[in-house]
Amino acid sequence: MPEHDDKAAAATARKLFAQQAVFIAGAPGYDALPKATLPEIAFVGRSNVGKSSLINALTGRSGLARVSKTPGRTRQINLFNIGDALMLADLPGYGFAKASKTLVGEWQHLIVNYLGQRPNLRRVLLLIDARRGVMPIDEMAMKLLDRTAVPYNAVLTKIDAIKPAARAALAEQTQRQVTSHPAALAQLEMVSADSGEGMENLKLALATLAGA
Ligand code: GDP
């Protein structure tokens, strides 16, 4: 892409995310979700991966997605409308230390229902904690995502916690693990909600998916 196109795309992405993000709904299951009217991107990841912080950083609204939410509120899909152009879907986190089989089953049911049926779903972002890399529970989630065949990208969160010199090796290792899965895409983002690193690139990728 010529440089001026790059700049124009980055400006479009910035403009999109500068608009007021609006919380649309929190639904306990797929059937309770409002109808899909906008291109939608779903965020999924282990509990504590930094999903709420990332959504807050993307939208510039610190209270939008709750950080360290109270249990009970986390078992739902939350939808955020970005400038009437893009919907972000915050899916419940997985990997809770003492999760019962029932809870894991409920989570899987909700995820499979949502991913398998949501008509305007463009992409899933699978968040991976940069401090931990791909964990066995993330492998489990990727197998589930593979089954629904929705394309997904990995996003390494909390990249500020990794020394710059170690980042390339981490990215390579993560990419190798992720792309061994059939529905995974090669593009890997590295972001920090705290420092803002990588946020421009992520916004650009999301704006492109929205067709903005
Ligand atoms: P969620 O459970 O996935 O929604 O995760 P949260 O957004 O609640 O974050 C979990 C923990 O990780 C909190 O203690 C955050 O302060 C911390 N955290 C989130 N994002 C970042 C980041 O970009 N860098 C660092 N160093 N810590 C982060």
*asked:* Between Arg118 and Glu40, does any NZ, NE, NH1 or NH2 come within less than 4.0 Å of an OD or OE carboxylate oxygen?
replied: yes
*Okay, side chain of Asn153, backbone of Gln187: is any donor-acceptor separation there less than 3.5 Å?*
yes
*About how many Å separate CD1 of Ile41 and CG of Asp90, when rounded to the nearest 0.5 Å?*
13.5 Å
_Non-hydrogen atoms of Leu16 and Ala85 that approach each other most closely_ = CD1-CB, 3.6 Å
_Minimum heavy-atom distance Ile162-Ala130, with the two atoms named_ = CD1-O, 3.5 Å
*Does the side chain of Leu86 come within less than 4.5 Å of Phe80's, by heavy atoms?*
no
*Is Ile111 linked to Leu79 within one hydrophobic cluster, defined over Ile, Leu, Val, Met, Phe, Trp and Tyr using a side-chain heavy-atom separation of less than 4.5 Å?*
yes
*Salt-bridge present (Asp129, Arg46; N to O < 4.0 Å)*: yes
*Kindly say whether Pro39 contributes a backbone atom to a donor-acceptor pair with the side chain of Arg122 at under 3.5 angstrom?*
no
*Lys158 versus Asn48, closest heavy-atom pair with distance*: NZ-O, 2.7 Å
*Any side-chain heavy-atom pair from Leu126 and Leu145 closer than 4.5 angstrom?*
yes
*Distance in Å, Lys143 NZ paired with Arg147 CZ, rounded so as to fall on 0.5 Å steps*: 11.5 Å
*Does the side chain of Leu202 come within less than 4.5 Å of Leu125's, by heavy atoms?*
yes
*Report yes if the side chains of Val150 and Leu121 come closer than 4.5 Å at any heavy-atom pair, otherwise no.*
yes
*For residues Tyr152 and Val44, determine if any side-chain heavy atom of one lies less than 4.5 Å from a side-chain heavy atom of the other.*
no
*From Leu188, Thr179, Val155, residue fulfilling side-chain contact (heavy atoms from CB on, under 4.5 Å) relative to Thr174*: Leu188
*Which atom names give the shortest non-hydrogen contact between Ile128 and Ala154, and what distance separates them?*
CG1-CB, 4.4 Å
*Using a 4.5 Å cut-off on heavy atoms from C-beta on, say whether the side chain of Tyr30 contacts that of Leu110.*
no
*Any idea which heavy atoms bring Pro28 and Ala32 closest together, and the distance?*
CD-CB, 3.9 Å
*asked:* Measuring from atom CD of Gln19 to atom CG of Asn81, what distance do you get when rounded to the nearest 0.5 angstrom?
replied: 9.0 Å
*If you round to the nearest 0.5 Å, how far is CG of Leu170 from NZ of Lys163?*
13.0 Å
*So, do Ile24 and Met87 sit near enough that their side-chain heavy atoms are less than 4.5 Å apart?*
yes
*Under a 4.5 Å cut-off applied to non-hydrogen side-chain atoms, are Val191 and Leu156 in contact?*
no
*Glu172/Arg176 salt bridge by N-O under 4.0 Å criterion*: yes
*Co-membership, hydrophobic cluster, residues Val134 and Val124, 4.5 Å side-chain*: yes
_Worked check of side chain to side chain contact (heavy atoms under 4.5 Å, CB included) between Phe43 and Leu91_ = CA-CA 6 Å; Phe43 290 69; Leu91 304 186; over 6 Å; no
*Is a side-chain donor or acceptor of Gln76 paired with a backbone partner of Pro92 at a separation under 3.5 angstrom?*
no
_NZ on Lys203 to OG1 on Thr12, rounded to 0.5 Å_ = 13.5 Å
_Side-chain donor or acceptor of Thr148 paired with backbone N/O of Gly116 under 3.5 Å_ = no
*asked:* Looking at Glu197 and Arg167, is any side-chain nitrogen of the basic one under 4.0 Å from a carboxylate oxygen of the acidic one?
replied: yes
*Considering all heavy atoms, the nearest Asp138-Gly133 contact*: OD2-O, 3.7 Å
*Verify same cluster id: Leu115, Leu185 (apolar side-chain graph, 4.5 Å)*: no
*asked:* Parallel, tilted or perpendicular: which one describes the rings of Trp107 and Tyr94, with boundaries at 30° and 60°?
replied: perpendicular
